[in-house]
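Naming: A, B, ... by sequence-line order, numbering from 1 per chain. Note that the structure is a prediction, hence the values are computed from the model and not measured.
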2 protein chains.
Amino acid sequence: MNKFAKASKTLHHAPRTSGVERQASLINAAASLFATNGFTGTTTKQIAKAAGVSEALLFKHFPTKRALYTAILTEKAHYSGLREAVEEAAAKREDKRFFTLLASYRIRKGADPTLFRLLLFSALEGHEMSDIFFRQQYRVFHDLLAGYIRQRIDEGAYRSVDPLLAARAFFGIIVHHRLLHDIFGLPMHRTHEATVEEYVSLFLGGLVRQSSQP
Amino acid sequence: MNKFAKASKTLHHAPRTSGVERQASLINAAASLFATNGFTGTTTKQIAKAAGVSEALLFKHFPTKRALYTAILTEKAHYSGLREAVEEAAAKREDKRFFTLLASYRIRKGADPTLFRLLLFSALEGHEMSDIFFRQQYRVFHDLLAGYIRQRIDEGAYRSVDPLLAARAFFGIIVHHRLLHDIFGLPMHRTHEATVEEYVSLFLGGLVRQSSQP
DNA sequence: CGTGAGTGAGTAAGCACTCACTCACGTTAG
DNA sequence: CTAACGTGAGTGAGTGCTTACTCACTCACG
């Protein structure tokens with residue numbers, strides 16, 4: 001990581017980068033291009049150019065274009081530490097906070113659509129890593145959500161719905177929002193926060209007015 | 001349509017097909033391939049083979065591969081006559097039927113995922129016809145739904161929610177269901193009818209139990 | 001001076017697309 | 001009734017270009 005100090009010795013010729021750094025920069029460049037143009041829509045020439053190296057070097061690091069794609073999906077499959085915060089809200093039975101956390105993790109200012117696009121492309125194009133990528137990015141929260149709903153039904157707090165379908169419904173609202181705005185390019189019509197609040201309120205409270213006058 | 005009678009005259013050489021028929025068979029073959037592999041993932045050779053003609057003939061009908069893709073999106077942009085049935089339910093204020101109709105139009109036995117896949121691919125790959133295709137396939141019902149919800153809010157039947165967001169939430173549940181099953185290949189865990197009913201009930205009634213005991 | 005980062009110049013296969021051509025068939029001139 | 005003809009369906013064999021991938025090679029650095 002202290003390569004820069006050494007690099008100053010040789011000014012005229014480019015300083016050499018370590019293998020892991022180069023690999024990372026190739027993965028980043030490729031991920032962005034694959035997310036934009038898909039697997040078949042991206043050429044190894046484009047990737048090499050974006051990473052600032054020759055195509056030959058790309059193939060020194062990854063034996064095939066497909067292997068590079070696989071490496072990206074494997075690397076990007078890791079998720080951030082949202083789970084802990086969500087589980088805390090779940091333990092305290094803070095329903096609104098629980099759902100708001102889940103929703104605003106995906107609906108927020110400056111959320112990067114790269115992962116979402118990669119996920120969709122990999123599923124549509126039928127890449128072999130698609131399943132694993134899907135499971136890691138998606139299934140984790142899906143199961144967490146379904147488990148919480150089941151628990152709250154058992155406690156009598158929620159209506160007796162199908163927990164799996166309810167979880168999918170909530171995810172549907174969120175995922176669809178991203179589909180509309182990140183993929184189809186629809187403009188936002190409310191702020192992220194107001195949108196999340198409305199979605200959560202709708203999901204928890206439903207649409208039909210509960211008769212307060214009998 | 002009586003080409004086959006004439007065909008019996010000449011056995012050794014293939015009977016000729018009219019231009020419009022050939023065009024239609026090319027569009028069908030191409031639509032299926034584009035839906036499966038995307039635009040860049042499909043070759044003109046594959047399309048020609050699937051339609052049973054030479055590549056040269058394909059280019060007699062469509063000047064470029066892109067023109068063929070555009071022709072498909074234009075043709076497939078038309079939707080069936082669901083709107084009338086939905087508007088009838090809306091006029092009668094049959095809430096449950098209204099939402100069930102909309103949902104079961106997309107969630108039903110043997111629903112063809114081709115259109116959905118084409119829509120997703122065209123949006124992801126950024127084709128110029130994507131917008132029009134999206135509008136025709138999607139926006140129509142979206143606006144219809146938002147309009148109905150707004151009306152029912154004015155009549156005091158629904159809670160005072162944002163009609164646009166509510167419409168998107170409902171569509172989200174449905175679209176996400178198709179995403180999971182048609183694109184990600186998740187198995188169904190209930191019947192189509194039971195699933196639709198649960199989704200509609202969830203959307204209309206919400207998740208949280210309404211306190212019947214004060 | 002050995003190791004490994006890095007590349008220019010390939011290669012064979014595949015790509016979208018073209019061209020010169022054949023042939024089926026309905027129309028029409030003799 | 002037939003023969004010549006025009007039109008349009010249909011194709012085999014290309015075209016130039018791009019693709020994923022390779023190889024022989026250079027050179028920076030510990």
Side-chain angles (χ1 to χ4, degrees), chain A residues 1-27 29-30 33-34 37-72 125 127-128, chain B residues 1-27 29-30 33-34 37-72 125 127-128:
Chain A
M1 311 304 177
N2 54 351
K3 299 271 157 188
F4 304 104
K6 293 175 184 177
S8 60
K9 277 192 204 171
T10 59
L11 284 171
H12 10 72
H13 277 125
R16 286 161 38 122
T17 314
S18 81
V20 279
E21 281 176 67
R22 192 88 307 158
Q23 204 146 329
S25 84
L26 276 166
I27 282 184
L33 284 164
F34 282 139
N37 309 112
F39 180 75
T40 48
T42 305
T43 67
T44 52
K45 197 175 188 175
Q46 283 178 289
I47 297 167
K49 194 179 176 185
V53 295
S54 66
E55 266 188 281
L57 187 60
L58 187 158
F59 285 100
K60 282 264 160 61
H61 285 282
F62 304 95
T64 61
K65 181 187 172 189
R66 187 152 281 271
L68 170 57
Y69 192 56
T70 303
I72 289 168
E125 291 178 329
H127 191 269
E128 68 262 21
Chain B
M1 310 304 176
N2 53 350
K3 299 273 158 190
F4 305 103
K6 294 176 185 176
S8 60
K9 278 192 205 169
T10 60
L11 284 170
H12 10 72
H13 278 123
R16 287 161 40 124
T17 315
S18 82
V20 279
E21 280 178 67
R22 191 80 320 148
Q23 205 146 331
S25 86
L26 276 166
I27 283 184
L33 284 164
F34 282 140
N37 309 113
F39 181 75
T40 48
T42 304
T43 67
T44 51
K45 199 176 186 174
Q46 284 179 288
I47 298 167
K49 194 179 175 186
V53 295
S54 66
E55 264 188 282
L57 187 59
L58 188 157
F59 285 100
K60 281 262 158 65
H61 285 282
F62 304 95
T64 61
K65 181 188 172 188
R66 188 153 280 270
L68 170 57
Y69 192 56
T70 303
I72 290 168
E125 291 178 328
H127 190 270
E128 69 262 21

Return the [atom1] to [atom2] distance between [X] and [Y], rounded to the nearest 0.5 Å.
{"X": "Q46(A)", "Y": "E55(A)", "atom1": "CD", "atom2": "CD", "answer": "10.0 Å"}
{"X": "T44(B)", "Y": "K65(B)", "atom1": "OG1", "atom2": "NZ", "answer": "7.0 Å"}
{"X": "H61(A)", "Y": "I27(A)", "atom1": "NE2", "atom2": "CD1", "answer": "10.5 Å"}
{"X": "K49(B)", "Y": "T43(B)", "atom1": "NZ", "atom2": "OG1", "answer": "10.0 Å"}

Separation of atom [atom1] in [X] from atom [atom2] in [N], rounded to whole Å:
{"X": "Q23(A)", "N": "dG6(C)", "atom1": "CD", "atom2": "P", "answer": "12 Å"}
{"X": "F59(A)", "N": "dT11(C)", "atom1": "CZ", "atom2": "C1'", "answer": "13 Å"}
{"X": "L26(B)", "N": "dA9(D)", "atom1": "CG", "atom2": "C1'", "answer": "12 Å"}
{"X": "E55(B)", "N": "dG14(D)", "atom1": "CD", "atom2": "C1'", "answer": "12 Å"}
{"X": "K45(A)", "N": "dA9(C)", "atom1": "NZ", "atom2": "C1'", "answer": "12 Å"}
{"X": "Q46(A)", "N": "dT18(D)", "atom1": "CD", "atom2": "C1'", "answer": "12 Å"}

Students often get this wrong, so: under 4.0 angstrom with heavy atoms, is T40(B) touching a base, only sugar-phosphate, or nothing?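 Contact class for T40(B): none.
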Check the orientation of F39(B) and Y69(B). Use parallel for under 30°, tilted for 30 to 60°, and perpendicular for over 60°.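 Geometry flag for Y69(B) against F39(B): tilted rings.
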When you measure from every atom of DNA chain C, which of residues 62-71 of chain B have a heavy atom less than 4.0 Å away?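 Residues of residues 62-71 of chain B under 4.0 Å from DNA chain C: T64(B), K65(B).
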Using Watson-Crick or G-U wobble geometry with both distances below 3.5 Å, tell me the partner of dT26(D), or none.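 Pair assignment: dT26(D) / dA5(C).
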What is the base-pairing partner of dT19(D), counting Watson-Crick and G-U wobble geometry with both distances under 3.5 Å?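 Pairing partner: dA12(C).
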Side-chain donor or acceptor of K60(A) under 3.5 Å from a matching atom on the base of dG4(C)?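 It does not, because no donor-acceptor pair links the side chain of K60(A) to the base of dG4(C) below 3.5 Å.
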Heavy-atom side-chain contact between T70(A) and H127(A) under 4.5 Å: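 A side-chain contact exists here, since the closest heavy-atom pair is under 4.5 Å.
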Taking only side-chain N and O atoms of R22(A), does any of them lie within less than 4.0 angstrom of OP1 or OP2 on dG6(C)?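 Looking at the OP1 and OP2 atoms of dG6(C), one of them is under 4.0 Å from a side-chain N or O of R22(A).
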Using heavy-atom distances to pick each residue's nearest nucleotide on DNA chain D, tell me which of F39(A) and L58(B) is more 5'.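 Closer to the 5' end of DNA chain D: L58(B).
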From the set [options], return the single nucleotide nearest to any side-chain atom of [X].
{"X": "T43(B)", "options": "dA20(D), dT7(C), dA16(C)", "result": "dA16(C)"}
{"X": "L57(A)", "options": "dT19(D), dC21(D), dT7(C)", "result": "dT7(C)"}
{"X": "S54(A)", "options": "dT7(C), dA20(D), dA16(C)", "result": "dT7(C)"}
{"X": "A56(B)", "options": "dC17(C), dG8(C), dT11(D)", "result": "dT11(D)"}

Determine, step by step, whether I47(A) and L58(A) satisfy the side-chain contact (heavy atoms from CB on, under 4.5 Å) criterion, reporting the C-alpha distance in whole Å, the side-chain angles of both residues, the deciding distance to 0.1 Å, and the verdict. CA-CA 8 Å; I47(A) 297 167; L58(A) 187 158; 3.7 Å; yes
